[in-house]
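Everything below concerns the one structure shown next.
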Amino acid sequence: MNKLFELASLSTNGYDAHAARLALLSLLAIFQDILPSDRIRLPTEAEMNVRVSKDVKKTWDYERKLLQAYQRYLQLLEKTWEDGKFGHRGLSDQTGPPTTLAATSIIALSQLLQT
C-alpha cells in the first residue's frame, strides 16, 4: 500500500502535468483491479473484541489499509478537480476550461462510479 502513496505523490509534488496525469490514471487502473466487487467495511468494536484467527486479523488489516488508500485517492481526485476546474490557479475569476489534470481527475471519478 505504501507504493500506492508514492505513486499518488507524483501528482501533487510539482511534477509536470503529464506525469501527474499518468499517476492518476495508473492509480485508477490499480484500484479498479484490486477493489473487490463486494462491499468491504471496517470491523465494529464488538467484532474487534471477539477472538479471531490470525488470518482474519490479517484480512481485516489489509481491508483497512485498502480503504484508507482508496479514501486518500478519492480525496486527491477531488482536490485536483477543485484546484483546476476553472483553469489555472492564478486566475481570480472563475471562468475558463478545466486543466487537463482536473479533467483527468473527473474522468477517473466517473470511471470509479461505473465499476
Got Gln71 and Gln75 here, is their nearest side-chain heavy-atom distance under 4.5 Å?
yes
For Glu78, I'd like to know if atom CD has over 12 heavy atoms of other residues, nucleotides or ligands within 6.0 Å.
no
Please report the C-alpha distance between Leu101 and Trp81 in whole Å, then the side-chain angles of each, then the deciding distance to 0.1 Å, and finally whether the side-chain contact (heavy atoms from CB on, under 4.5 Å) criterion is met.
CA-CA 8 Å; Leu101 191 56; Trp81 170 249; over 6 Å; no
For the pair Asp61 and Lys57, find out whether any cationic side-chain nitrogen is under 4.0 Å from an anionic carboxylate oxygen.
no
Please determine whether side-chain contact (heavy atoms from CB on, under 4.5 Å) holds for the pair Leu24 and Leu76, giving the CA-CA distance in whole Å, both sets of side-chain angles, and the decisive distance to 0.1 Å.
CA-CA 9 Å; Leu24 289 178; Leu76 173 66; 3.7 Å; yes
Arg64 CZ: over 12 foreign heavy atoms closer than 6.0 Å
yes
Same cluster for Leu109 and Leu67 if Ile/Leu/Val/Met/Phe/Trp/Tyr side chains link at under 4.5 Å?
yes
Interatomic spacing from CG in Leu22 to CG in Leu27 - rounded to 0.5 Å:
11.0 Å
When you measure from the side chain of Glu47 to the backbone N and O of Thr44, does any donor-acceptor pair fall under 3.5 Å?
yes
Same cluster or not: are Tyr62 and Leu35 linked, directly or through other Ile, Leu, Val, Met, Phe, Trp or Tyr residues, by side-chain heavy atoms under 4.5 angstrom apart?
yes
With clusters defined by side-chain heavy atoms of hydrophobic residues (ILVMFWY) lying less than 4.5 Å apart, directly or transitively, does Leu42 cluster with Ile34?
yes
Gap separating the CG atom of Leu28 from the OG atom of Ser110, nearest 0.5 angstrom
8.5 Å
Which value, rounded to the nearest 0.5 Å, describes the distance between Leu112 atom CG and Leu77 atom CG?
7.0 Å
How long is the span from the CG atom in Leu25 to the CD atom in Gln111, to the nearest 0.5 Å?
9.5 Å
Can you tell me how far CZ of Phe31 sits from OH of Tyr73, rounded to the nearest 0.5 angstrom?
7.5 Å
Rounded to the nearest 0.5 Å, how far does OH of Tyr70 lie from CD of Glu63?
15.0 Å
Tell me, do Ile106 and Thr80 make a side-chain contact under 4.5 Å, heavy atoms counted?
no
Do Pro43 and Val56 touch side chain to side chain, with heavy atoms closer than 4.5 Å?
no
